[in-house]
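Heads up, the thing below is written out as structure tokens.
The first residue of the sequence shown is numbered 1, and numbering continues consecutively from there. What you are looking at is a predicted structure, and each value in this text was computed from that prediction instead of being measured.
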Amino acid sequence: MPVSKCPKKSEPLWKGWDKRAQKNGLRHQVYAVNGDRYVGEWKDNLKHGKGTQVWKKKGAIYEGEWKFGKRDGYGTLSLPDPETGKYRKVYSGWWKGDKKSGYGIQFFGPKEYYEGEWCGNQRSGWGRMYYSNGDIYEGQWWNDKHDGEGMLRLKNGNRYEGCWERGMKNGSGRFFHLDHGQLFEGFWVDDVAKCGTMIDFGRDEAPAPTQFPIPQVKILDPDSVLQEALAMFKKTEEEEGQ
């Protein structure tokens with residue numbers, strides 16, 4: 001008795017083409033319609049692994065890790081310098097979901113950069129900012145601004161140590177006027193000192209001390225007076241905010 005075999009069903013041509021078009025593993029050069037290009041690893045037709053992306057419009061280059069089509073892991077972003085034409089590093093650090101997240105260094109200019117923690121492309125957490133004018137801030141950040149405990153050291157050596165909020169001095173803090181040999185300790189609101197005490201501090205070593213030293217305070221308990229003033233000020237603020 002003859003044996004009959006059923007012919008295999010032929011797969012539509014488009015399915016084969018689609019499988020061959022799916023990018024997996026290492027590809028040497030893949031161009032997008034807008035001229036962007038990518039060299040690196042793929043998974044399920046998405047950039048995944050290590051690779052380099054070049055954006056044609058701005059000339060930006062990202063070299064680092066990818067995860068399902070987004071920058072994720074450690075990587076470096078560079079831009080061409082408009083004056084020299086050479087590439088300069090803009091950010092080097094960790095990414096998550098195509099945004100700067102984790103520890104990284106951002107370069108804002110030749111003499112201005114930030115090193116510290118990021119979250120969703122914003123400076124958030126602990127970090128140190130070097131400004132082009134010579135000032136340095138070291139402390140806590142939130143939503144790209146000084147927020148929490150931190151120290152701002154000015155170019156001339158003077159510094160503020162204390163509380164910050166929304167990028168401004170807010171709360172208790174101390175300002176060291178080392179150029180004049182004085183120390184102010186008190187309470188700030190939006191960068192303005194509202195109440196506090198000023199004393200001589202290293203006046204003999206100061207480069208430009210005041211003409212006369214601050215006279216000795218004759219109040220029996222100056223600390224309690226300051227605390228009372230702070231309490232009254234905070235109470236007034238709360239009443240105004242209601």
Side-chain angles (χ1 to χ4, degrees), residues 89-93 103-119 122-238 240:
K89 193 181 295 182
V90 175
Y91 175 79
S92 184
Y103 182 85
I105 301 176
Q106 171 87 37
F107 298 90
F108 299 93
K111 297 181 180 180
E112 187 163 300
Y113 65 96
Y114 168 85
E115 56 179 359
E117 296 176 297
W118 296 78
C119 182
Q122 304 289 315
R123 289 169 287 186
S124 292
W126 180 92
R128 185 187 292 116
M129 181 73 196
Y130 295 85
Y131 295 95
S132 58
N133 63 358
D135 297 347
I136 301 174
Y137 171 81
E138 181 176 355
Q140 294 174 308
W141 295 73
W142 178 252
N143 287 338
D144 231 28
K145 294 181 179 179
H146 312 160
D147 203 296
E149 291 288 330
M151 177 186 71
L152 176 66
R153 185 165 67 248
L154 304 180
K155 183 180 180 180
N156 62 5
N158 294 344
R159 70 179 187 271
Y160 168 82
E161 298 176 357
C163 299
W164 298 79
E165 187 177 315
R166 295 173 284 106
M168 296 180 285
K169 304 178 193 74
N170 273 286
S172 300
R174 299 186 298 172
F175 198 104
F176 294 83
H177 298 271
L178 299 181
D179 53 344
H180 300 315
Q182 294 180 330
L183 166 64
F184 177 84
E185 185 171 3
F187 192 85
W188 274 260
V189 175
D190 292 348
D191 271 344
V192 178
K194 294 296 182 177
C195 57
T197 57
M198 180 79 83
I199 61 172
D200 284 330
F201 183 84
R203 187 173 179 277
D204 294 336
E205 294 81 24
T210 55
Q211 185 177 359
F212 301 105
I214 296 175
Q216 186 177 358
V217 178
K218 298 299 183 180
I219 302 174
L220 293 177
D221 192 359
D223 290 337
S224 63
V225 174
L226 177 59
Q227 292 301 321
E228 184 179 349
L230 286 171
M232 290 178 62
F233 180 76
K234 290 179 180 179
K235 183 179 179 181
T236 304
E237 273 209 320
E238 291 173 358
E240 290 176 354

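- Ion pairing of Arg128 with Glu138 is present here, as a side-chain N (NZ or NE/NH1/NH2) and a carboxylate O approach within less than 4.0 Å.
- A donor-acceptor pair is defined here as one N or O able to donate and one able to accept, closer than 3.5 Å; no such pair exists between the side chain of Asn158 and the backbone of Phe175.
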Report the C-alpha distance between Asp190 and Arg166 in whole Å, list the side-chain angles of each, state the deciding distance to 0.1 Å, and finish with yes or no for side-chain contact (heavy atoms from CB on, under 4.5 Å).
-> CA-CA 8 Å; Asp190 292 348; Arg166 295 173 284 106; 3.0 Å; yes
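- Between the side chain of Trp164 and the backbone N or O of Gly150 there is at least one donor-acceptor pair closer than 3.5 Å.
- Considering CZ of Arg174 and OG1 of Thr197, their distance stands at 10.5 Å, rounded to 0.5 Å.
- Using modelled atom types, one side-chain atom of Asp191 and one backbone atom of Lys169 make a donor-acceptor pair closer than 3.5 Å.
- A donor-acceptor distance shorter than 3.5 angstrom exists from the side chain of Asp144 to the backbone of Arg123, with no hydrogens or angles considered.
- Annotation: side chain of Tyr113 is not in contact with side chain of Gln106 (no heavy-atom distance under 4.5 Å).
- Of the listed residues (Tyr114, Trp118, Tyr103), just one forms a ring-ring contact (aromatic ring centres under 6.0 Å, His included) with Tyr91, and that residue is Trp118.
- Put simply, CD on Gln182 and CG on Asp179 are 9.0 Å apart, with the number rounded to the nearest 0.5 Å.
- The shortest distance between side-chain heavy atoms of Tyr131 and Glu112 falls below 4.5 Å.
- For the atom pair CZ (Arg153) and CD (Glu161), the distance works out to 10.0 Å, reported to the nearest 0.5 Å.
- With a 4.5 Å cut-off on side-chain heavy atoms, His177 and Phe201 do not count as touching.
- Between the CH2 atom of Trp126 and the CD atom of Gln140 there is a distance of 11.0 Å, given to the nearest 0.5 Å.
- Using a 4.5 Å cut-off on side-chain heavy atoms (C-beta onward), Val192 and Met168 make no contact.
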May I have the step-by-step check of side-chain contact (heavy atoms from CB on, under 4.5 Å) for Gln122 and Trp142, ending in yes or no?
-> CA-CA 8 Å; Gln122 304 289 315; Trp142 178 252; over 6 Å; no
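- Minimum heavy-atom separation, Cys119 to Ser124: CB-CB, 4.0 Å.
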Walk me through it: do Phe108 and Met129 pass the test side-chain contact (heavy atoms from CB on, under 4.5 Å)?
-> CA-CA 10 Å; Phe108 299 93; Met129 181 73 196; 3.6 Å; yes
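- Looking only at side-chain heavy atoms (C-beta outward), Ile136 and Arg159 stay at 4.5 Å or farther from each other.
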Intermediate values then yes/no, side-chain contact (heavy atoms from CB on, under 4.5 Å), Lys194 and Trp188 = CA-CA 6 Å; Lys194 294 296 182 177; Trp188 274 260; over 6 Å; no
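- Asp135 contributes a side-chain N or O that, together with a main-chain N or O of Lys155, makes up a donor-acceptor pair within less than 3.5 Å.
- In terms of heavy atoms, Asn170 sits closest to Cys163 at O-CB, 3.0 Å.
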